[in-house]
Amino acid sequence: MSVCIDINGVCIGGGAFQLIAGPCSVESKAQIISIAQSVQRSGAALLRGGAFKPRTSPYDFQGLRAEGIELLLEAKKITNMPIVTEILSERHLPLFENVDVIQVGARNMQNFELLTILGKTDKTILLKRGLANTLSELLSSAEYILAGGNSNIILCERGIRTFETHMRNTLDLSAVPALKEMTDFPVIVDPSHALGIARLVAPMAMAAAAAGADGIMIEVHNDPENALCDGAQSLTPEAFHDLAKKVRKVRQAL
């Protein structure tokens with residue numbers, strides 16, 4: 001069994017399963033607070049939201065950056081939910097002082113300078129698997145954090161690049177039981193980024209729960225069609241509510 005990572009009283013691992021939900025990108029105060037309150041009512045324990053956004057095109061929306069973190073903290077004050085957001089550079093670390101979980105995205109999984117610096121913090125680090133990386137390489141990246149003295153690590157399977165083009169990536173759910181044999185870090189799954197298609201997220205979230213994941217991270221937006229980032233893979237609050245109920249049933253069956 002994985003160890004419990006305690007995030008301000010919210011445990012992930014050690015038999016505790018959590019839903020993490022929120023928008024791909026923080027867009028406004030009203031947006032993030034509304035989504036935070038709705039996903040909390042549906043059972044999410046942690047709020048995710050992008051402030052710094054690594055985008056393939058330099059012309060796409062890059063996030064609100066420091067302002068985005070401030071808005072996440074506003075939502076945290078109202079809901080008391082721990083927040084999860086992605087860091088792009090060690091230069092930004094001072095902005096993350098009050099962030100509960102620092103996410104290292106797929107593109108930065110082998111940014112060893114960043115991982116080394118995060119290893120010297122006491123923050124929980126959510127480390128995503130790179131889209132072309134093996135499980136052994138993911139664990140080697142986790143070792144960079146661990147070597148600095150920080151053992152508060154959560155691993156995240158978010159899909160890998162294969163020859164299949166129908167989905168955004170191929171969700172490798174075999175990674176969940178495999179990683180649980182290889183390490184005692186909690187393992188969560190992000191089906192939103194793996195699939196890129198909202199209607200496919202719920203069945204794969206249920207499959208992830210059945211595979212033994214310690215948590216699931218879902219992108220939720222109150223107006224996906226007009227989202228500034230990744231609207232096609234984002235669930236509405238109503239769809240997330242339905243997903244949460246289904247995932248709970250799978251967990252009960254286990």
Side-chain angles (χ1 to χ4, degrees), residues 1-23 26 29 32-51 68-87 93-105 118-128 142 145-146 148-158 176 179-180 183-190 192 205 208-209 212-220 237 240-241 243-245 247-252 254:
M1 180 179 292
S2 59
V3 298
C4 166
I5 303 295
D6 190 312
I7 308 162
N8 285 350
V10 175
C11 177
I12 295 182
F17 176 92
Q18 303 297 347
L19 288 172
I20 306 168
V26 179
K29 180 177 179 179
I32 190 60
I33 290 175
S34 172
I35 295 172
Q37 292 174 324
S38 66
V39 299
Q40 185 178 49
R41 286 194 296 269
S42 297
L46 294 97
L47 174 66
R48 63 140 291 147
I69 291 180
E70 289 301 318
L71 294 179
L72 280 167
L73 292 173
E74 292 263 358
K76 177 182 175 180
K77 287 179 184 177
I78 292 171
T79 62
N80 203 35
M81 298 174 74
I83 57 174
V84 182
T85 194
E86 183 171 353
I87 192 168
L93 190 57
L95 298 172
F96 286 71
E97 182 179 355
N98 296 312
V99 169
D100 302 286
V101 180
I102 299 178
Q103 175 180 306
V104 176
L118 293 176
K120 297 175 182 176
T121 73
D122 60 358
K123 296 287 186 181
T124 297
I125 309 300
L126 195 161
L127 180 63
K128 284 194 165 187
I145 302 168
L146 192 62
N150 185 355
S151 60
N152 299 313
I153 302 169
I154 300 169
L155 303 176
C156 181
E157 165 58 38
R158 49 81 66 205
V176 176
L179 285 170
K180 285 182 169 291
T183 180
D184 60 1
F185 295 132
V187 180
I188 71 167
V189 174
D190 176 356
S192 300
D214 296 298
I216 300 172
M217 186 156 65
I218 303 291
E219 290 195 350
V220 179
F240 176 74
H241 184 74
L243 177 151
K245 289 194 295 184
V247 167
R248 281 195 290 270
K249 289 181 180 179
V250 172
R251 291 282 303 167
Q252 290 168 1
L254 295 175

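From a predicted model like this one, the values you see are computed outputs, not experimental measurements.
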Do L93 and T121 have side chains that approach each other closer than 4.5 Å (heavy atoms only, starting at C-beta)?
yes
If every non-hydrogen atom of Q18 is compared with every non-hydrogen atom of A45, which pair is closest and at what distance?
OE1-CB, 3.2 Å
For E74, which residues count as a salt bridge (charged side-chain N to carboxylate O under 4.0 Å, His left out) partner, sequence neighbours excluded?
K29
Using modelled atom types only, decide if a donor and an acceptor are shared between the side chain of K123 and the backbone of V99 within a distance under 3.5 Å.
yes
F185 side chain near L127 side chain, heavy-atom distance below 4.5 Å:
no
Nearest heavy atoms of M217 and S192, plus distance in Å:
O-OG, 4.1 Å
Please confirm whether the backbone N or O of C156 pairs with a side-chain atom of D190, one donor and one acceptor, at under 3.5 Å?
no
Heavy-atom closest pair (G22 atom, I35 atom, distance to 0.1 Å) is CA-CG2, 4.1 Å
Do T79 side-chain atoms and A75 backbone N/O form a donor-acceptor pair below 3.5 Å?
yes
Keeping the roles fixed (side chain from T85, backbone from G49), state whether a donor-acceptor pair exists under 3.5 Å.
yes
Hey, what do you get for CD1 (I154) to CD1 (I5), rounding to the nearest 0.5 Å?
6.0 Å
To the nearest 0.5 angstrom, please state how far the CG atom of L19 sits from the CG atom of L243.
7.0 Å
Between N150 and I145, is there a donor-acceptor pair closer than 3.5 Å when you use the side chain of the first and the backbone of the second?
no
With heavy-atom distances below 4.5 Å as the criterion, would you say the side chains of I12 and L46 are in contact?
yes
Distance col, row I87:CD1 vs F96:CZ, nearest 0.5 angstrom, shows 4.5 Å
Closest non-hydrogen atom pair, G13 against C11:
O-SG, 3.3 Å
So how far is it from L155 CG to K128 NZ, rounded to the nearest 0.5 Å?
13.0 Å
Test of understanding: with salt bridge (charged side-chain N to carboxylate O under 4.0 Å, His left out), list the residues that count as partners of K76, not counting sequence neighbours.
D100
Spell out, as yes or no, whether a donor-acceptor pair under 3.5 Å connects the side chain of S2 to the backbone of D184.
no
If you count every heavy atom of other residues, nucleotides or ligands that lies below 6.0 Å from N80 atom CG, does the total exceed 12?
no
With a 4.0 Å cut-off, would you call R48 and E86 a salt bridge?
no
Side-chain contact test, heavy atoms from C-beta onward, threshold under 4.5 Å: evaluate it for V101 versus I20 and give yes or no.
no
Just wondering, do D214 and K180 contact through their side chains at under 4.5 Å, heavy atoms?
yes
For the student: nearest non-hydrogen atoms of G15 and R251, plus distance
O-NH2, 3.7 Å
Which value, rounded to the nearest 0.5 Å, describes the distance between S151 atom OG and I125 atom CD1?
11.0 Å
Output for pair (L118 CG, N152 CG), nearest 0.5 Å, gives 12.0 Å
Check L47 against M81 and note the closest heavy-atom contact, atom names and distance.
N-CE, 3.7 Å
